[in-house]
Participant: 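The structure's right below; bear with me while I get my questions together.
Indexing begins at 1, ligand by ligand and atom by atom, following the structure's order.
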Amino acid sequence: MTPAQCKVIEAAGTTAYRLASGPGGWVERLGDDVIISYKHDAARDEMGAGLDAWCAKAEWRPVRVFHRFMPIKNADRICPVLHSGDAALPLTTVVTEAGIRYGLDIGASYSHGLFLDQRLNRAKLQALKPKRVLNTFAYTCSFSVVAALAGAETVSVDLSRKSLDRGRENLKLNGIAESKHSFIADDTMELLAQLAAKGEKFDAIILDPPTFSRSKSGRRWQVEDHFEDLVNAALEVAAPKCAILLSTNCTKLDPNSMERRARWCAKIKRRAAEYMSLGVPVDFPAGHGASTLWMMVR
Ligand SMILES: C[S@@+](CC[C@H](N)C(=O)[O-])C[C@H]1O[C@@H](n2cnc3c(N)ncnc32)[C@H](O)[C@@H]1O
């Protein structure tokens, strides 16, 4: 991204975005800080030199630069490591996206708390002004925040209570009271079955699962194997005119194959739907970011 392109993003009230992306990693600006995520040392050094040159042109310097090694296996990933800047500064920080505030924690895990590639989908959800939103695999609840700001009641579900607590904080950061928002630490598939049994309906549903996980009860989640189960279960709680966001980082599932599989689910559940993909934000080149698809159920 050129400094001029970054100024356009910043003028829209966004301080968290990708500065650069390449085959060996990527560089993110997170408010005053920068994280260089790298797959090998040569890529880290190249991106570091690129960042220095970019900063000279942009007349901006990050307060801190962190390095984050990204081995292929999630289990091998660790928190970003401070490369330059004051080690006494807190590892928690607040960034904005379209003026909306999100708390990040660079010391919490390898993931700081906000998936920047979902910017367009968060804006879309907010623009849809849904009344009742089910945010599954909610993580730090960024989709619940935008829905709440649009006036929705939200239900956020995630296996991780800690992530949901961060979601609560994100609502607070934006002056949203908790009264219309619930946070459920549970397995998404189990909760979907319970919601369907109670006859609950939602007019927007976020389905952004990890590629693989295992719940506390030992239930194994593998997105390629369970994608249809998830969409079918979501359709059981989809109100008429429900907008369902399908999203994955699994390279085996691109928007075309997601659409093919989602069409099959709609047929089984006798629901008509239209499909649209917003792609990725301007700071993400092709091949970077999650594959996402909106299934607009009639
Ligand atoms: C890809 S992140 C979701 C990102 C989120 N949609 C966002 O935009 O910030 C995946 C999340 O799913 C949660 N998770 C994994 N398996 C789960 C399951 N079976 N049920 C509920 N949550 C699960 C993880 O704890 C993690 O927070």
Participant: Return all side-chain donor-acceptor pairs below 3.5 angstrom for residues 40-59, not counting sequence neighbours, or 'none' if the list is empty.
Facilitator:
| unit_1 | atom_1 | unit_2 | atom_2 | d |
| --- | --- | --- | --- | --- |
| H40 | ND1 | A43 | N | 3.3 |
| D52 | OD1 | R61 | NH2 | 3.3 |
| W54 | NE1 | M1 | O | 2.8 |

Participant: Where does ligand 1 get N/O contacts under 3.5 Å from the protein, atom by atom?
Facilitator:
| unit_1 | atom_1 | unit_2 | atom_2 | d |
| --- | --- | --- | --- | --- |
| ligand 1 | 6 (N) | F137 | O | 3.4 |
| ligand 1 | 6 (N) | D208 | OD2 | 2.8 |
| ligand 1 | 16 (N) | S213 | OG | 2.7 |
| ligand 1 | 19 (N) | D187 | OD2 | 3.0 |
| ligand 1 | 20 (N) | T188 | N | 2.9 |
| ligand 1 | 20 (N) | T188 | OG1 | 3.3 |
| ligand 1 | 22 (N) | L159 | N | 3.1 |
| ligand 1 | 25 (O) | D158 | OD1 | 2.6 |
| ligand 1 | 27 (O) | D158 | OD1 | 3.4 |
| ligand 1 | 27 (O) | D158 | OD2 | 2.7 |

Participant: In terms of heavy-atom contacts, does CD1 of I78 have more than 12 from other residues, nucleotides or ligands at under 6.0 Å?
Facilitator: no
Participant: Are K172 and E178 within salt-bridge range, i.e. N to O under 4.0 Å?
Facilitator: no
Participant: When you check the gap from the basic side-chain N to the acidic O, do R166 and E169 get nearer than 4.0 Å?
Facilitator: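 No, R166 and E169 are not salt-bridged.
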Participant: So with a 6.0 Å cut-off around CH2 of W264, is the heavy-atom count from everything else above 12?
Facilitator: no
Participant: Can you tell me if CZ on R220 sees more than 12 non-hydrogen neighbours from other groups inside 6.0 Å?
Facilitator: yes
